[in-house]
J.: 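Starting off with a structure, shown below.
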2 protein chains.
Amino acid sequence: MEISFTEENYLKAIFSLSRLYGDAEVSTNQISEHLNNKAASVTDMLKRLAEKKFIDYKPYKGVRLTEKGRKTAVKVVRKHRLWEVFLVEKLKFKWDEVHDIAEQLEHINSDELIEKLDLFLGRPKHDPHGDPIPDANGKFYAQKSIALAEAKVKQVLVVTGVSDHSTQFLQYLSQSGIGLGDHLKVDEVNSYDHSLKVKVNKNHGLFLSHKVALNILVEVKS
Amino acid sequence: MEISFTEENYLKAIFSLSRLYGDAEVSTNQISEHLNNKAASVTDMLKRLAEKKFIDYKPYKGVRLTEKGRKTAVKVVRKHRLWEVFLVEKLKFKWDEVHDIAEQLEHINSDELIEKLDLFLGRPKHDPHGDPIPDANGKFYAQKSIALAEAKVKQVLVVTGVSDHSTQFLQYLSQSGIGLGDHLKVDEVNSYDHSLKVKVNKNHGLFLSHKVALNILVEVKS
DNA sequence: ATATTTTTTTAGACTAGCCTAAATTTAACC
DNA sequence: GGTTAAATTTAGGCTAGTCTAAAAAAATAT
Ligand SMILES: [Mn+2]
Ligand SMILES: [Mn+2]
Ligand SMILES: [Mn+2]
Ligand SMILES: [Mn+2]
């Protein structure tokens with residue numbers, strides 16, 4: 001019942017792709033693109049994962065996680081996000097520096113360790129990017145956030161997360177003075193390119209492109 | 001200049017075997033036994049490590065780390081021991097529970113991470129088993145400990161480490177009320193089997209076999 | 001100094017993961 | 001519906017790391 005580093009990465013990829021596209025089957029090419037390897041390699045691995053009952057696989061028909069596969073994938077996600085919290089909260093890394101390290105730490109195999117880490121961190125519900133941390137049973141507590149681009153003018157908003165986790169984007173947000181928990185208000189929407197003028201906490205006049213506004217998640221407070 | 005999980009384990013093995021036997025060449029069979037794999041596999045790997053300049057290797061003549069190899073090995077040891085401190089001090093694992101998890105964590109690759117972890121832990125000098133933690137330059141601060149078996153009757157002793165890191169031995173010590181920093185005094189030596197009667201902190205009358213006394217490291221305080 | 005034993009290396013084979021190129025299946029188009 | 005294009009799988013090959021069995025070198029014993 002052992003699972004390799006590589007198999008864990010495939011399961012995580014399938015899990016996140018299936019969520020992304022409304023829980024549909026995931027295609028070989030989607031996985032191939034997501035993991036930056038070739039479709040033929042993916043087919044190889046899908047056969048092995050099916051053999052081990054992590055996925056249901058019908059050739060040419062795409063793939064879906066079994067319950068066993070989902071549990072395994074969610075556990076990797078849980079580990080990834082807990083380690084990210086550790087890196088930011090305890091070791092004082094910036095939120096844009098932790099992803100690659102967590103990509104390694106997520107494969108450390110010890111249930112005792114996850115449990116004790118979770119406890120040490122105070123059982124956090126969200127990682128440094130606002131993503132929910134599933135509990136030990138694999139349950140996610142859904143947050144009802146929307147993209148900033150969909151918010152209405154004058155609504156009181158709180159930043160709850162980001163959709164783009166790239167270093168570039170995260171650094172840009174930090175430089176603009178935007179982080180999790182900050183208060184936003186849209187003052188103006190440019191009807192030509194959908195860019196925004198927003199208030200961040202007490203400061204008016206920050207300009208954000210539509211592309212950026214699509215990748216900031218907010219909760220509407222009023 | 002990338003190094004694999006497996007290569008790191010070989011370098012660590014060579015490093016610790018070479019220390020163990022007074023910095024001599026390490027033989028293929030020693031490595032094979034230490035890592036629980038076959039001599040033929042070791043020969044294969046030695047060729048690769050020599051190719052990459054981690055070791056000096058002359059067929060049939062044993063092997064020795066290059067400076068590059070030593071640096072790499074010591075870094076793995078440093079990571080291993082820092083993570084053990086983390087697991088015991090922060091996550092509240094017992095000292096006999098941390099070795100296997102550290103065996104995984106030692107391969108996480110990030111200089112930033114080691115540095116920040118070291119800082120977070122308060123730059124510890126010893127791991128939970130009393131083993132010295134090399135600094136970022138690979139320097140060990142030698143401790144002048146002796147085995148309890150070599151101590152003289154009535155000397156004031158402080159426990160500084162253990163030679164046997166097995167779960168069994170560590171649990172036995174814990175149950176006997178012996179841990180790092182505890183004060184010992186040898187009250188009697190049995191001249192037939194070299195077993196000891198010792199005082200632990202304030203309690204007299206603990207019996208220890210010669211075998212156990214060989215694996216407890218102490219510093220002589222007077 | 002030979003003969004025997006031990007250690008080490010070589011030869012050949014296997015698996016996990018990856019690749020490229022070719023074949024096949026499915027989807028899209030006219 | 002037949003033809004083309006796209007997606008997927010198969011076939012064959014590569015590397016890292018392991019193994020067993022056999023050959024070769026070194027050490028030991030007589
Ligand atoms: Mn991963
Ligand atoms: Mn995250
Ligand atoms: Mn290791
Ligand atoms: Mn230790």
Side-chain angles (χ1 to χ4, degrees), chain A residues 1-15 17-18 20-21 24-65 69 72-73 76 103-104 106-107 109, chain B residues 1-15 17-18 20-21 24-65 69 72-73 76 103-104 106-107 109:
Chain A
M1 206 63 64
E2 72 226 345
I3 184 167
S4 74
F5 186 105
T6 310
E7 288 169 331
E8 284 192 341
N9 279 341
Y10 271 87
L11 292 178
K12 194 170 67 131
I14 295 166
F15 178 74
L17 288 168
S18 75
L20 206 58
Y21 297 105
E25 287 103 1
V26 177
S27 76
T28 302
N29 266 358
Q30 286 172 340
I31 299 169
S32 153
E33 196 167 320
H34 191 87
L35 294 178
N36 285 308
N37 53 18
K38 301 295 158 152
S41 309
V42 174
T43 302
D44 261 14
M45 180 56 92
L46 293 184
K47 286 190 217 157
R48 276 185 295 239
L49 292 174
E51 183 64 37
K52 293 188 175 185
K53 311 282 186 206
F54 287 115
I55 59 175
D56 289 324
Y57 170 57
K58 297 262 172 45
Y60 297 102
K61 292 299 179 186
V63 79
R64 196 166 235 142
L65 293 175
T72 308
V76 178
E103 207 60 43
Q104 298 180 60
E106 72 188 6
H107 302 291
N109 179 14
Chain B
M1 207 62 65
E2 71 225 346
I3 185 168
S4 73
F5 186 103
T6 310
E7 288 168 330
E8 284 191 342
N9 279 341
Y10 271 87
L11 292 179
K12 194 170 66 132
I14 295 166
F15 178 74
L17 288 168
S18 75
L20 206 57
Y21 297 105
E25 289 102 1
V26 178
S27 75
T28 301
N29 265 359
Q30 285 173 339
I31 299 170
S32 153
E33 196 167 321
H34 190 87
L35 295 177
N36 285 308
N37 54 16
K38 300 295 158 149
S41 310
V42 173
T43 301
D44 261 14
M45 178 56 91
L46 293 184
K47 286 189 214 158
R48 277 186 294 244
L49 291 174
E51 183 66 38
K52 293 189 176 185
K53 311 283 185 203
F54 287 114
I55 60 175
D56 289 324
Y57 170 57
K58 298 261 171 46
Y60 296 103
K61 293 299 180 187
V63 80
R64 196 166 234 142
L65 293 175
T72 308
V76 178
E103 207 60 45
Q104 298 180 60
E106 72 189 6
H107 302 290
N109 179 13

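Order of the sequence lines sets the chain letters (A, B, ...), proteins ahead of strands, with each chain counted from 1.
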J.: Whole Å only: how far is the NZ atom of Lys58(B) from the P atom of dA25(D)?
T.: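 Atom-to-atom, Lys58(B) to dA25(D), this comes out as 18 Å.
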J.: Under the ring-ring contact (aromatic ring centres under 6.0 Å, His included) rule, collect the residues that match up with Tyr60(B), sequence neighbours excluded.
T.: none
J.: Tell me the interatomic distance from Glu25(B), atom CD, to dT8(C), atom P, rounded to whole angstroms.
T.: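 Between P of dT8(C) and CD of Glu25(B): 12 Å.
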J.: Please enumerate all residues that pass salt bridge (Lys or Arg N to Asp or Glu O under 4.0 Å) together with Glu103(A), with sequence neighbours excluded.
T.: Lys12(A)
J.: Looking at every non-hydrogen atom in both residues, tell me the closest pair between Ile14(A) and Val26(A) and how far apart they are.
T.: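 Reported closest heavy-atom pair: O-CG2, 3.7 Å.
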J.: If I take atom CG in residue Leu46(B) and atom P in nucleotide dT9(C), what distance separates them, rounded to the nearest angstrom?
T.: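 Whole-Å distance recorded here is 7 Å.
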J.: Determine: side-chain N/O of Asn29(B) to OP1/OP2 of dT8(C), distance under 4.0 Å, yes or no.
T.: yes
J.: Would you please name every residue forming a salt bridge (Lys or Arg N to Asp or Glu O under 4.0 Å) with Arg64(A), sequence neighbours left out?
T.: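 Once residues adjacent in sequence are excluded, the partners of Arg64(A) under the salt bridge (Lys or Arg N to Asp or Glu O under 4.0 Å) criterion are Glu25(A).
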J.: Please report the distance, rounded to the nearest Å, between NZ in Lys47(A) and C1' in dA16(C).
T.: 14 Å
J.: Donor-acceptor pairs under 3.5 angstrom involving side-chain atoms of residues 29-49 of chain A: please list them, not counting sequence neighbours.
T.:
residue, atom, partner, partner atom, Å
Gln30(A), OE1, Ser27(A), N, 3.0
Ser32(A), OG, Asn37(A), O, 2.6
Asn37(A), ND2, Tyr10(A), OH, 3.2
Thr43(A), OG1, Ala39(A), O, 3.2

J.: Run the salt bridge (Lys or Arg N to Asp or Glu O under 4.0 Å) test against Lys52(A) and tell me which residues pass, sequence neighbours left out.
T.: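 Partners of Lys52(A) by the salt bridge (Lys or Arg N to Asp or Glu O under 4.0 Å) criterion, ordered by chain and then number, come out as Glu7(A).
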J.: Tell me what Thr28(B) touches on the nucleic acid: a base, only sugar-phosphate, or nothing, going by heavy atoms under 4.0 Å.
T.: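 Result for Thr28(B) = sugar-phosphate.
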J.: What is the separation between atom CD on Glu2(B) and atom P on dT15(D), rounded to the nearest whole Å?
T.: 15 Å
J.: Roughly, in whole Å, what's the span from CD1 in Ile31(B) to C1' in dG17(D)?
T.: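 For the pair Ile31(B) CD1 and dG17(D) C1', the rounded distance is 15 Å.
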J.: Does the protein touch nucleotides 17-27 of chain C at the base, only the backbone, or not at all? Give it as B, S and - per nucleotide, heavy atoms under 4.0 Å.
T.: BBBBB--BSS-
